[in-house]
Novice: 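Just dropping this structure here.
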Number of protein chains: 2
Amino acid sequence: MSFTNETHDPQLRCWLQSAEEADCEFPIQNLPFAEFRRQGSNQAFRGGVAIGDQIVDLAAVATAGVFAGAAQQAAEACAAPALNHFMSLGKQAWSALRLALSRALRQGAPQEAAIQACLVPQDQAEYSLPCQIGDYTDFYSSVHHATAVGSLFRPDKPLLPNYKWIPVGYHGRTSSIAISGHCFYRPQGQTMSPDAAEPSVEPCKRLDHELELGIFIGAGNAQGEPIPIQNAEDHVFGLCLFNDWSARDIQAWEYQPLGPFLAKNFASTLSPWIVTLEALAPFRAPLMRPESDPRPLPYLHCASNSAQGSLDIELQVLIQTERMRKAGQAPEVLATSNFVHSYWTIAQLVAHHSVNGCNLRPGDLFGSGTQSGPNPQQAGSMLELSRGGKQALRLRNGESRTFIEDGDTVILRGACQRQGAARIGFGEVTSTVLPAKTLQSKTLQSKTLPAGQN
Amino acid sequence: MSFTNETHDPQLRCWLQSAEEADCEFPIQNLPFAEFRRQGSNQAFRGGVAIGDQIVDLAAVATAGVFAGAAQQAAEACAAPALNHFMSLGKQAWSALRLALSRALRQGAPQEAAIQACLVPQDQAEYSLPCQIGDYTDFYSSVHHATAVGSLFRPDKPLLPNYKWIPVGYHGRTSSIAISGHCFYRPQGQTMSPDAAEPSVEPCKRLDHELELGIFIGAGNAQGEPIPIQNAEDHVFGLCLFNDWSARDIQAWEYQPLGPFLAKNFASTLSPWIVTLEALAPFRAPLMRPESDPRPLPYLHCASNSAQGSLDIELQVLIQTERMRKAGQAPEVLATSNFVHSYWTIAQLVAHHSVNGCNLRPGDLFGSGTQSGPNPQQAGSMLELSRGGKQALRLRNGESRTFIEDGDTVILRGACQRQGAARIGFGEVTSTVLPAKTLQSKTLQSKTLPAGQN
């Protein structure tokens with residue numbers, strides 16, 4: 001495989017030793033962005049780029065004037081406590097900073113000492129949301145997930161007639177999106193048991209994770225100006241991991257006719273690191289859409305550049321129960337999948353979202369939808385893994401799960417790896433479920449977990 | 001009727017003559033909030049309160065130090081270019097400023113000259129959105145609308161089994177919410193004609209207004225902490241008029257299974273003035289829920305204070321077509337309704353939204369849902385007025401409408417009036433439809449209308 005530009009060259013060597021280790025998530029070819037500060041400090045959050053086990057503090061880089069021209073301007077934009085302005089600058093600015101960082105991090109680079117002075121160890125950092133998320137849209141782009149879930153909610157017609165024509169999506173809630181490490185209370189809500197005469201309010205019994213990619217919009221569009229699919233990816237800053245927590249029993253009772261609401265808006269969790277689309281360029285893959293399926297309508301069809309179809313991103317869901325955590329046992333894999341199975345591409349999501357003139361803004365977030373693959377063990381949710389709660393999963397320590405229980409930590413991981421390309425890791429996103437607080441409960445339960453949870 | 005506190009006293013007289021006229025929207029008992037600046041100026045937007053045909057510039061009031069204590073602090077918060085901080089201060093701060101303004105505006109008030117120096121005529125002002133809207137949720141609180149629309153989309157089951165148990169709602173888009181006066185392009189999108197073999201993309205043929213109230217959240221709640229219904233209204237800052245534009249043909253094809261998306265997110269329009277809940281206190285009305293309907297579940301039931309049920313707010317939809325505008329004809333009434341017909345109260349919307357621990361933030365917006373009344377002429381959308389497009393409305397000038405056409409301006413108005421209370425007006429919200437821009441179109445169409453559109 002040939003590399004796309006010099007920043008992708010797998011032969012590049014970084015002067016930082018930890019970036020040169022074989023299983024490194026953040027080698028010099030990755031360079032993902034986050035907002036961080038030194039743990040426990042009163043510093044303002046600032047943009048940073050991961051390299052090995054360190055973070056390049058971009059506020060420090062900007063102040064030191066390590067770069068010049070467009071890269072310096074971009075670093076200055078990253079000094080802010082949210083990346084929205086940097087995101088709004090567009091592809092050329094992102095590329096300029098990436099290239100400058102790539103060059104400054106290479107063995108023998110004259111900027112080594114200057115960058116060294118700007119490093120903060122990742123294990124001494126805390127992260128915030130990377131930007132102000134103006135709007136969050138959740139898509140439904142895995143046909144395997146849509147079919148599996150549809151068959152549970154609507155056995156007679158799992159896949160609705162619009163699925164293969166429209167990248168189905170709906171608006172979600174931004175206020176309850178938190179960064180990795182979040183502990184949240186099990187939601188309570190109205191549910192209707194099949195055997196009950198009327199609904200009741202109780203803690204969710206079917207709490208579920210959703211294995212998703214988060215997609216951050218960079219440059220936006222004006223209201224009334226659709227984004228043509230040919231340019232759609234120019235508007236995408238990058239990708240992260242996203243756990244879109246769901247309450248399946250609440251969802252089943254509330255979702256008609258206007259869609260999921262309280263079943264989804266109590267918590268969602270983002271990984272701190274945004275991997276840029278540029279870093280993912282070596283991991284393009286052909287679209288998996290069967291020939292017999294409808295050809296996308298022209299506004300969703302990009303004849304000129306079919307290489308911009310899928311992305312080969314390996315995804316993993318792990319669980320660490322409270323008992324595993326107390327026994328010092330490592331998290332256990334629940335499922336593995338790959339974004340390559342997505343029925344709709346990122347470019348199609350962007351083109352569809354804006355075809356009616358809807359304006360996207362820098363920092364807007366799309367969820368890809370749960371990324372289940374074609375095989376049952378590639379299911380990105382417990383709803384699918386347990387076949388609607390009918391079939392419990394047996395864990396190695398003897399525990400079993402149909403849905404997620406109190407004290408469970410769910411971890412999503414992602415990485416790209418291919419022959420002839422450097423590994424591009426996403427890091428991970430973790431979140432932990434606390435017991436429900438009932439409406440009556442006056443005792444505030446602890447929001448912090450015992451040390452050593454991870 | 002007795003008044004709730006001294007600011008409601010219908011006998012209060014203002015030293016400003018325009019506030020004393022019989023049909024005045026903004027008498028001394030109203031005192032609604034907006035963000036404004038002098039038209040065409042480069043001023044920062046700032047908070048203001050309407051009185052008669054003037055605006056009290058709260059940034060000027062704060063600078064001049066007209067008030068003291070809590071009222072002065074509240075005025076200082078209102079000097080900001082968005083009201084979020086003021087909203088976050090809570091009910092006591094809002095009341096303190098309201099009381100101070102009420103006293104300063106009364107005939108004989110010693111602050112008359114100081115306030116006079118802070119007045120800006122409304123016809124020399126331009127408005128912005130009143131706050132940063134973090135999240136927007138649209139409800140479906142009129143059972144008459146839900147039944148009428150449901151019977152068009154699902155003739156077999158117009159009202160779903162959850163309707164009388166759950167205040168049905170879903171998340172909407174904040175990026176495309178604009179302030180009154182907005183002109184927007186007719187959306188295009190995928191639709192599926194009943195007689196077509198496959199969908200096509202074209203300008204919306206069934207563009208519709210929705211007559212809603214906008215409800216602004218003041219003080220928020222922490223994630224995981226439901227708001228008990230007894231306190232729910234303490235979290236509500238105030239109400240405005242809201243036109244939630246809808247593309248019915250796009251909606252019909254896309255809305256299953258996850259709800260409306262592109263059918264709703266291209267444009268919504270807010271009136272500039274937020275009428276506080278405190279100003280609306282004299283217009284409480286008993287709930288209209290029939291005895292035979294299910295009793296709300298405890299978290300939605302407020303036994304202690306049933307007077308906090310409905311609000312008697314008269315609502316009106318008007319249309320001014322391009323032809324009417326050119327002929328200098330006044331807008332024509334399409335429908336009148338009243339918020340008193342709402343099946344769910346504002347307190348129920350707040351309690352339901354947060355029962356799962358979802359956090360509301362200051363400045364969040366709820367749409368009430370289309371406020372149709374029990375009679376067909378009280379329908380808050382064209383979909384209902386034209387019975388799904390089957391029955392055209394004849395306008396006085398000979399034009400007819402099934403849905404909204406290019407060049408049409410839709411105007412929503414609202415006011416409270418009762419024997420023994422001062423009239424509390426909402427002003428109006430107007431928006432105008434421009435012809436669709438097709439994806440191919442390169443010519444930018446004018447965003448401004450000929451002068452004298454209103």
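Protein chains get the first letters and strands the later ones, always in sequence-line order, with residue 1 at the start of each.
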Novice: Sort B:Pro161 into side chain, backbone, both or neither according to what part of it lies under 4.5 angstrom from a heavy atom of chain A.
Specialist: both
Novice: Pick whichever of B:Arg154, B:Glu198, B:Met192 has the most heavy-atom pairs under 4.5 Å with chain A.
Specialist: B:Glu198
Novice: As an exercise: rank A:Gly189, A:Pro199, A:Gly357 by heavy-atom pairs under 4.5 Å with chain B and give me the winner.
Specialist: A:Pro199
Novice: Compare every heavy atom of A:Gly224 with every heavy atom of B:Lys437, then report the nearest pair and how far apart it is.
Specialist: CD-O, 3.8 Å
Novice: Given the options B:Pro260, B:Gly220, B:Cys204, which has more heavy-atom pairs under 4.5 Å with chain A than any of the others?
Specialist: B:Pro260
Novice: For the atom pair OH (A:Tyr163) and CD (B:Gln256), what is the distance rounded to the nearest 0.5 Å?
Specialist: 15.5 Å
Novice: Mind ranking A:Ser175, A:Gly259, A:Gly172, A:Pro187 by heavy-atom pairs under 4.5 Å with chain B and telling me who comes out on top?
Specialist: A:Ser175
Novice: Are the side chain of A:Asp135 and the backbone of B:Arg173 linked by a donor-acceptor contact shorter than 3.5 Å?
Specialist: no
Novice: Please classify the contact between A:Ala267 and chain B as side chain, backbone, both or neither, with a heavy-atom cut-off of under 4.5 Å.
Specialist: both
Novice: Heavy atoms only: give me the nearest A:Gln188-B:Val355 pair and the separation to one decimal.
Specialist: CG-O, 3.0 Å
Novice: Please classify the contact between A:Ser354 and chain B as side chain, backbone, both or neither, with a heavy-atom cut-off of under 4.5 Å.
Specialist: neither
Novice: Flag the one option from B:Cys358, B:Gly150, B:Ala247, B:Gly134 with the top tally of heavy-atom pairs under 4.5 Å to chain A.
Specialist: B:Cys358
Novice: So which part of A:Leu159 gets closer than 4.5 Å to some heavy atom of chain B, the side chain, the backbone, both or neither?
Specialist: neither
Novice: Determine, using ring centers only, whether B:His171 and A:Tyr170 are less than 6.0 Å apart.
Specialist: no
Novice: Check the angle between the aromatic planes of A:His352 and B:Phe261 and answer parallel, tilted or perpendicular using the 30° and 60° thresholds.
Specialist: tilted
Novice: At a 4.5 Å cut-off on heavy atoms, which part of A:Leu258 comes close to chain B: side chain, backbone, both, or neither?
Specialist: both
Novice: Would you name the heavy atoms of A:Tyr140 and B:Pro257 that are closest together and state the gap between them?
Specialist: CE2-CG, 4.2 Å
Novice: So which residue, A:Ile250, A:Leu360, A:Ile133, ends up with the most heavy-atom pairs under 4.5 Å with chain B?
Specialist: A:Leu360
Novice: What are the two closest non-hydrogen atoms of B:Asn265 and A:His353, and how far apart are they?
Specialist: ND2-CE1, 3.7 Å
Novice: Heavy-atom pairs under 4.5 Å with chain B - which of A:Leu160, A:Thr137, A:Asn359 has more of them than the others?
Specialist: A:Asn359
Novice: Give, as side chain, backbone, both or neither, the part of A:Asp138 having an atom under 4.5 angstrom from any heavy atom of chain B.
Specialist: neither
Novice: State whether the side chain of A:Asn356 and the backbone N or O of B:Ala263 hold a donor-acceptor pair below 3.5 Å, judged by distance alone.
Specialist: no
Novice: Of the backbone (N, CA, C, O) and the side chain (C-beta and beyond), which part of A:Leu262 lies under 4.5 Å from a heavy atom of chain B, both, or neither?
Specialist: both
Novice: Among A:Pro294, A:Ser176, A:Ala178, A:Ala146, which has the most heavy-atom pairs under 4.5 Å with chain B?
Specialist: A:Ser176
Novice: Indicate whether the side chain of B:Gln190 and that of A:Tyr299 have a donor and an acceptor atom separated by less than 3.5 Å.
Specialist: yes
Novice: Can you check whether A:Leu297 reaches B:Ser200 side chain to side chain, under 4.5 Å on heavy atoms?
Specialist: no
Novice: Please confirm whether the backbone N or O of A:Phe266 pairs with a side-chain atom of B:Gln223, one donor and one acceptor, at under 3.5 Å?
Specialist: yes
Novice: With a 4.5 angstrom heavy-atom cut-off, which part of A:Arg186 approaches chain B: side chain, backbone, both or neither?
Specialist: neither
